[in-house]
2 protein chains.
Amino acid sequence: MGVVRTTKTVRLVTQFFDTYEHAIGVLDLVEKFKEEMNRSTIYRILDRLEDEGKVHSFLGANGLKHYAKCKDCNHKEHVDVHPHFQCTNCGMVECVAYEIKIPALPDKSVEQAQLLLTGICANCKD
Amino acid sequence: MGVVRTTKTVRLVTQFFDTYEHAIGVLDLVEKFKEEMNRSTIYRILDRLEDEGKVHSFLGANGLKHYAKCKDCNHKEHVDVHPHFQCTNCGMVECVAYEIKIPALPDKSVEQAQLLLTGICANCKD
DNA sequence: ATTGTAATTGCAACTGTTTTGCATTAAATT
DNA sequence: AATTTAATGCAAAACAGTTGCAATTACAAT
């Protein structure tokens, strides 16, 4: 598995993230690409893109994995240090440009942090 | 469904939380009470206790629901405004006594926040 | 261009988690 | 003790994600 191949399906998913500004849940991706590729292919491609640091993932309010393209993430720590926002009305999910400072906890070493904010988005407020 | 009944099973779960200081995942609860009650009963009781504001829930690192008794939560906002910590080594999960300040987001109204910290706990560090 | 190879995919079956419908049981009220 | 209906147990279904394997296909070598 040394070489990595740029298949039609990988290209499709990559192109999607290139032009998609929000985050998207796995199931929505499965639905979106159901004509073009198999469920398991989606899951495998997302795993790969995340490994390669092209996208990052986090859990939405329902516990489902969501993906968004990485802007400033590097390979080493493809950790989410920024919060994500999910609209409880329309379901829209997006990355929030805001760095959280992780509280230092006595006797523990904190390595990651996930901050999920939920509420009503700009669109749904009006 | 106006009346609420204090059944044997509800009592068992309630008593458990009364003396349990950490948070616990649903599956561990199912396992723990598998002799005393059915899977679905656990799920239903947890839902109820959460509705009643006796416990609060949040998602662990694996996306599984975790429960802990509420100390300062009131019914109205049984919202997790405090972070949770999960040890990636032993799996232990606990509430962190630390209030996070939710960043104000332009054009959005943030109603809830879930902050999950992961790392190594005191026990596993030594 | 053709061929060889192994990475990638599709499929179907399976695992694990949560929910649901319904008959039965058992709290609480009379 | 009888009545009412909330709560439970059970088995089946729903749902999300994974896996083994045969078929396909990208890509390097010829």
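Residue numbers begin at 1 in each chain, while the letters A, B, ... track the order of the sequences.
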Practice prompt. Identify, between T6(B) and L64(B), the residue whose nearest nucleotide on DNA chain C lies closer to the 5' end.
Written response: L64(B)
Worksheet item: Toward the 5' end of DNA chain C, which comes first, K65(B) or R11(B), by nearest nucleotide?
Response: K65(B)
Practice prompt. Find out whether the Lys NZ or Arg CZ of K54(B) is both under 6.0 angstrom from the six-membered ring centre of F17(B) and within 45° of the ring's axis.
Written response: no
In whole angstrom, give the distance that lies between atom [atom1] of [X] and atom [atom2] of [N].
X      : N       : atom1 : atom2 : answer
L46(A) : dT8(C)  : CG    : P     : 15 Å
N62(A) : dT19(C) : CG    : P     : 12 Å
K8(A)  : dC27(D) : NZ    : P     : 12 Å
L12(A) : dT8(C)  : CG    : C1'   : 14 Å
E36(B) : dA26(C) : CD    : P     : 16 Å
D51(A) : dT8(C)  : CG    : C1'   : 15 Å
K34(B) : dC10(D) : NZ    : P     : 15 Å
I42(B) : dT8(D)  : CD1   : C1'   : 12 Å

Worksheet item: What nucleic acid atoms does T9(A) come within less than 4.0 Å of, heavy atoms only: base, sugar-phosphate, or nothing?
Response: sugar-phosphate
Counting heavy atoms from C-beta on, name the nucleotide in [options] closest to the side chain of [X].
X      : options                  : value
R5(B)  : dA26(D), dG10(C), dT4(D) : dT4(D)
V10(B) : dG17(D), dT8(D), dA28(C) : dT8(D)
M37(A) : dG10(C), dT8(C), dG17(D) : dG10(C)
V4(B)  : dG17(D), dT8(D), dA7(D)  : dA7(D)

Would a 4.5 Å heavy-atom cut-off, applied to side chains only, mark [X] and [Y] as touching?
X      : Y      : answer
H56(B) : C95(B) : yes
V10(B) : R48(B) : yes
V93(A) : F58(A) : yes
L46(A) : K65(A) : no

Can you find a side chain N or O atom of [X] that sits less than 4.0 Å from OP1 or OP2 on [N]?
X      : N       : result
T7(A)  : dT9(C)  : yes
R48(B) : dA7(D)  : yes
Y43(B) : dT19(C) : no
S40(B) : dT18(C) : no

Discussion item. Between the base of dG17(D) and the side chain of R44(A), is one N or O donor paired with an acceptor at under 3.5 angstrom?
Written reply: no
Worksheet, complete the sentence: Heavy-atom nearest nucleotide on DNA chain D taken for N38(A) and for I45(B); more 5' hit belongs to I45(B)
Practice prompt. Over all heavy atoms of both residues, which pair between F33(A) and L12(A) is shortest? Give the atoms and the distance, please.
Written response: CZ-O, 4.0 Å
